[in-house]
Amino acid sequence: MHCQQIGFFTPSPPAGFFLPVPGAIVVGRCYITRMLVPDSLTSTLTRYYDAVPYESHPFPQSAMEHLEALAFLFGLDTPAPAEARVLELGCAAGGNLIPFAARHPGARAVGLDLSSVQVAQGAAAIAQAGLSNIELKAFDIAEIDASFGQFDYIVCHGVYSWVPGPVQDAILRICAENLAPNGVAYVSYNVYPGWKAREIVRDAMILRGGPRDTPDEKLAYARGMLEFLEESARADSVLKKTLEETMPIVRSANSSYLLHEFLEPCNAPCYFKEFVARAEARGLAYLCDAEPSTMFVQNYGEKVREPLLRECGGSQVLMEQYLDFLVNRTFRQTLLVGQARAGDIRYRLDPARIRALEVAGLFAAQGGGEFTLDAREQPCNAIRGLTVTLRLPVHKAVARLLEAAYPASMPVDALIAGVARLVGQPPAAVDHAVMSMLEELLILGALRFRRTPVPAAASVSGLPRALPAVRSAPGLAPAAGANANACNQWHEPVVLTLLERSLLPLLDGTNSHDALAEHLEAEVRSDRLRFVQNDKPLTDPSAVRAFARQQVALALDTLRRKALLTS
């Protein structure tokens, strides 16, 4: 866990301070176009993706609501996602795009992918959810031109690095030509210097696994190669250090990730400055990173802050490149806008824009219990594995209110008013302290934010409700398997228990807690669900009834905290 104190105390980054880099969560896609590569290679790659589907799920860092809020934070106004036109390049089965369309019936979403198999899977999910504002197509992205129309948001996640140069250029061309004047494009990609070391591992895996016939064989032989190297590499060698850094990823990742990231033919990382130069050549400008905390040099300690501020002379791009070397970064998620908007970008945070945000956060006091509204020091756990230490009553009141409301968001003015009530002072007396704290939390990455309210329930109602697309999501039925996920109101994939899966289809706002408990009782009687207490199945009807009511209360509270219940 990385521990950091908020700046209005005394920041003290630990030795070896680093910010988490989300490279390990991304699966590469090799999107090859028929116009630019031989048909034989295109056919091979298409079969490869049909046989080993790209993992299709929501990527919260690419959510349109998040992109809108980021652009606003750095000085730009963009179209409201609720009525936006959205294009996703490399949409797979729509796992990242379908939840957006479900949240915003007034928006229009188009997803493109080379794999007709995955597009067909996505079309089935769209039909099951009853959505009419989204379309997935098996399509060659190089064939997109100006006649395709303009989009307010263009998302290209896990594609750019995994395609040849001409296709990379096509992606940036689309981000320029098909982006609305006030729009934002999101492109993720692997970067150096972090990928310099991973290329050693990738090359070794391809050497032994590449010639094999089936994906399973490729992966089995590639793993064997790494095990051999791990056992045989000299303790003081570069290879040994590289394996120590990479093997935890290889061991914990699923097969789909490893096959696409390490064993497919295309994986072309670049330096951040190279990517920005390519984008600029297409008339695009760098806006920010999807993880904005990585951009603020004060997060890296005073030894880094002052030298880099002098060295980079106000260039955010140069600063970002230096920081990539500092943390050995492997992966980036870059927001781009039209070059005409570059002059409006502001990296110094504007209090007026912070005040216009909806904010949310998790703040759990270490050791349990509530925050005491006094000057006693209280460390707490926040999102992203961060730890912040709170000392002033005003700061603890902020944490208490955000924690109580989470996963719902709060307008900043409402938060200030609530803090004033808790500490017994007028709003004007706490305004500056609250605003300063919110700025520090934004810089640290310990605060979630949006431009509009997140419609997650702040409490469990008597007639709980979830989005129709969540209630009808594929895989909720017990027969679908042990594991199931759903996309929540923050565009995050969350894991569902069997009991939660049993309740979700009924959460349409018409069923009371008693009706939900009766449903669970019926599931137990039909042997589709089993209650176990003290390692023994419950069979007595009165015990089952009492246990069902208890479990409904617990499950609904958990579903609310998972941001699956709507307000």
Can you check whether [Y]'s main-chain N or O pairs, donor with acceptor, with [X]'s side chain at less than 3.5 Å?
{"X": "K218", "Y": "G210", "result": "yes"}
{"X": "R561", "Y": "Y406", "result": "yes"}
{"X": "Q128", "Y": "S472", "result": "yes"}
{"X": "N178", "Y": "Q150", "result": "no"}
{"X": "T246", "Y": "L243", "result": "no"}
{"X": "S161", "Y": "N190", "result": "yes"}
{"X": "R465", "Y": "S567", "result": "yes"}
{"X": "D113", "Y": "A92", "result": "yes"}
{"X": "W490", "Y": "A563", "result": "no"}
{"X": "N133", "Y": "A109", "result": "no"}

Indicate whether the side chain of [X] and that of [Y] have a donor and an acceptor atom separated by less than 3.5 Å.
{"X": "S188", "Y": "H157", "value": "yes"}
{"X": "Y271", "Y": "Q321", "value": "no"}
{"X": "T78", "Y": "R451", "value": "no"}

Whether [Y] and [X] form a salt bridge (side-chain N of Lys/Arg under 4.0 Å from carboxylate O of Asp/Glu) is what I want to check.
{"X": "K273", "Y": "E320", "value": "no"}
{"X": "E492", "Y": "R448", "value": "yes"}
{"X": "E65", "Y": "R103", "value": "yes"}
{"X": "R223", "Y": "E227", "value": "no"}
{"X": "R329", "Y": "D289", "value": "yes"}
{"X": "E500", "Y": "K562", "value": "yes"}
{"X": "D145", "Y": "R173", "value": "no"}

Is the positively charged end of [X] above the ring of [Y], judged by distance under 6.0 angstrom from the centroid and angle within 45° of the axis?
{"X": "R332", "Y": "Y189", "answer": "no"}
{"X": "R212", "Y": "Y221", "answer": "yes"}
{"X": "K196", "Y": "Y192", "answer": "yes"}

Shortest non-hydrogen contact from [X] toward [Y]:
{"X": "C91", "Y": "S56", "result": "O-OG, 4.0 Å"}
{"X": "I174", "Y": "I154", "result": "O-CD1, 3.6 Å"}
{"X": "Y322", "Y": "C312", "result": "CD1-SG, 3.8 Å"}
{"X": "A142", "Y": "A170", "result": "CA-CB, 4.4 Å"}
{"X": "C487", "Y": "V470", "result": "O-CG2, 3.7 Å"}
{"X": "P99", "Y": "G94", "result": "CD-O, 3.9 Å"}

Side-chain heavy-atom pair [X], [Y] within 4.5 angstrom cut-off:
{"X": "F296", "Y": "L444", "value": "no"}
{"X": "I443", "Y": "L349", "value": "yes"}
{"X": "L442", "Y": "I354", "value": "yes"}
{"X": "M295", "Y": "F74", "value": "yes"}
{"X": "L76", "Y": "R346", "value": "no"}
{"X": "V201", "Y": "F262", "value": "yes"}
{"X": "L564", "Y": "L467", "value": "no"}
{"X": "F100", "Y": "P81", "value": "yes"}

Notebook entry, point to check: When you look at R384 and S293, which way does the side chain to side chain contact (heavy atoms under 4.5 Å, CB included) test go after all the steps?
Noted result: CA-CA 11 Å; R384 297 175 65 246; S293 62; 3.2 Å; yes
Nearest-0.5 Å distance, [atom1] of residue [X] to [atom2] of residue [Y]:
{"X": "L335", "Y": "L284", "atom1": "CG", "atom2": "CG", "result": "11.5 Å"}
{"X": "L219", "Y": "N254", "atom1": "CG", "atom2": "CG", "result": "10.0 Å"}
{"X": "T330", "Y": "W195", "atom1": "OG1", "atom2": "CH2", "result": "8.5 Å"}
{"X": "M64", "Y": "N96", "atom1": "CE", "atom2": "CG", "result": "6.5 Å"}
{"X": "I171", "Y": "I144", "atom1": "CD1", "atom2": "CD1", "result": "9.5 Å"}
{"X": "L357", "Y": "S409", "atom1": "CG", "atom2": "OG", "result": "10.0 Å"}

Check: Does CZ in F228 sit with more than 12 non-hydrogen atoms of other residues, nucleotides or ligands closer than 6.0 Å?
Finding: no
Next item on the list: Count the heavy atoms of every other residue, nucleotide or ligand shown that sit under 6.0 Å from CD of E83, and state whether that count exceeds 12.
Entry: no
Notebook entry, point to check: Run the side chain to side chain contact (heavy atoms under 4.5 Å, CB included) check on D350 and L73 step by step: do they pass?
Noted result: CA-CA 8 Å; D350 179 358; L73 188 67; over 6 Å; no
Item checked: Listed partners of N182 passing side-chain hydrogen bond (donor to acceptor under 3.5 Å, both in side chains), at least two apart -> none
Next item on the list: Take T294 and E291, measure what side chain to side chain contact (heavy atoms under 4.5 Å, CB included) needs, and give me the verdict at the end.
Entry: CA-CA 6 Å; T294 65; E291 297 283 356; 4.1 Å; yes
Next item on the list: Go through the steps for R202 and E261 under the test side chain to side chain contact (heavy atoms under 4.5 Å, CB included), then give the verdict.
Entry: CA-CA 8 Å; R202 169 176 154 81; E261 186 79 333; over 6 Å; no
Margin query: Below 30° counts as parallel, above 60° as perpendicular, anything between as tilted: where do the rings of Y286 and F272 land?
Written below: perpendicular
